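One structure is given below, encoded as structure tokens.
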Amino acid sequence: MRPIRPGDRGPAVTEIRTVLTGLDLLAPTAAGADEFDPHTERAVRAFQQSRGLSVDGRVGAETWRALDAARWRLGARTLYHAVPEPLTGEDVRSLQERLLEMGYDVGRADAIYGVRTSRAVAQFQREVGLTPDGSCGPHTMNALRRLGRKVVGGRPQWLRESDAIRQSGPTLVGRTVVIDPGHGGTDPGVVVPDGSLRWTEADLVHDLASRLEGRLAAAGVRVQLTRGPSPEDCLPDVGRAELANSLGADVFISLHLDEHVNPEAEGVATYHYGTDNGVTSATGERLAGLVQREIVARTGLRDCRTHAKAWDLLRLTRMPAVRVEVGYLTSPADRARLVDPRFRDRVVEAVVAAVQRMYFPVERDVPTGSIDVSALRAVVAAGTVVD
Ligand SMILES: [Zn+2]
């Protein structure tokens, strides 16, 4: 859909304004107005910021879905595990966050009422003496309210994810890594003409992905790419996440290049799942930190740090997932490096080292830039760590 943007008028704008007013982001004085005025734009930006979406002040498909889900306040309807079309919404997210705070295992607060959420609700119901039917109606809501927030700030999902990683040991052999070269097909991503040449993000990240595939496969990893070099259509992010989930991936790495109107904007940034209210994927955050630090150390790209985002790609993937923006194609300095295959090999080495470090216990982790990726197999076989 074409994004709804400042200056637009019509019933869709009225809808947007109504939801934003309900969220206290927009003053209710001009309720019913149908103009996308500067107040509306400010409110949309604040909303996007709070949801970890890209902040552009327009309502495209992703922001629209988030707004639609935000209508639901916890307690306003009965929540249950619906098949095949699960219930989604802000009320589901609030419930999940509440359960997580109380120490129940719902995985991520992804705003989808799936099996895991239903199981956590049933467990809660059993413990407070209610019928464990896994749905959240008035009785369960009352029990939740009565108990209040007992375990605030424990972030139990952090511990669970890290435990699972620790128990699986330091080897890469047999793991599944899904690599996601961004864009493709009808969507070339960032395009920069260069004399008679034309650099596209889609082509460059696919090259990075296939190099990475080779290196990881050599270390005994099962690797799957989300697309070939020239697919017919561009798979949306939701489809990419579903693919990674269906393959039971252990790690998901999405590769992109960035762009900016200012040619001086340059550097690498890595994104992991998280929202403004502090809900985050601990392992995603750790992987993002490792990827970011290894790339900066091994390539000298400017460090644009790691950031939490609630993008579909990061929210819907059930494994540690990161999106790396490996430099700006619009920066002459970054571009000169990115078009050099030897430089791309260094980026790939860095990502492999980061994935390997994910599986070292934290106390045995090694200094950034120190893993000799070509000796990985020997390291793994010997069960020791280089430093
Ligand atoms: Zn991109």
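Just so it is clear, the model here is predicted, and its values are computed rather than measured. Counting starts at 1 for both ligands and their atoms, in listed order.
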Distance-only side-chain donor-acceptor flag, R17 / T40, under 3.5 Å: yes

Minimum-distance N/O/S atom that H183 presents toward the Zn ion (ligand 1): NE2

Would you name the N/O/S atom of H256 that lies closest to the Zn ion (ligand 1)? ND1

If you draw the axis of the six-membered ring of W72, does the NZ or CZ of R77 fall within 45° of it and under 6.0 Å from the ring centre? yes

E201 backbone or side-chain N/O/S under 2.8 Å from the Zn ion (ligand 1): yes

How about OH on Y80, more than 12 heavy atoms from neighbouring residues, nucleotides or ligands closer than 6.0 Å, or not? no

If the threshold is 4.0 Å, N to carboxylate O, is there a salt bridge linking E90 and R93? yes

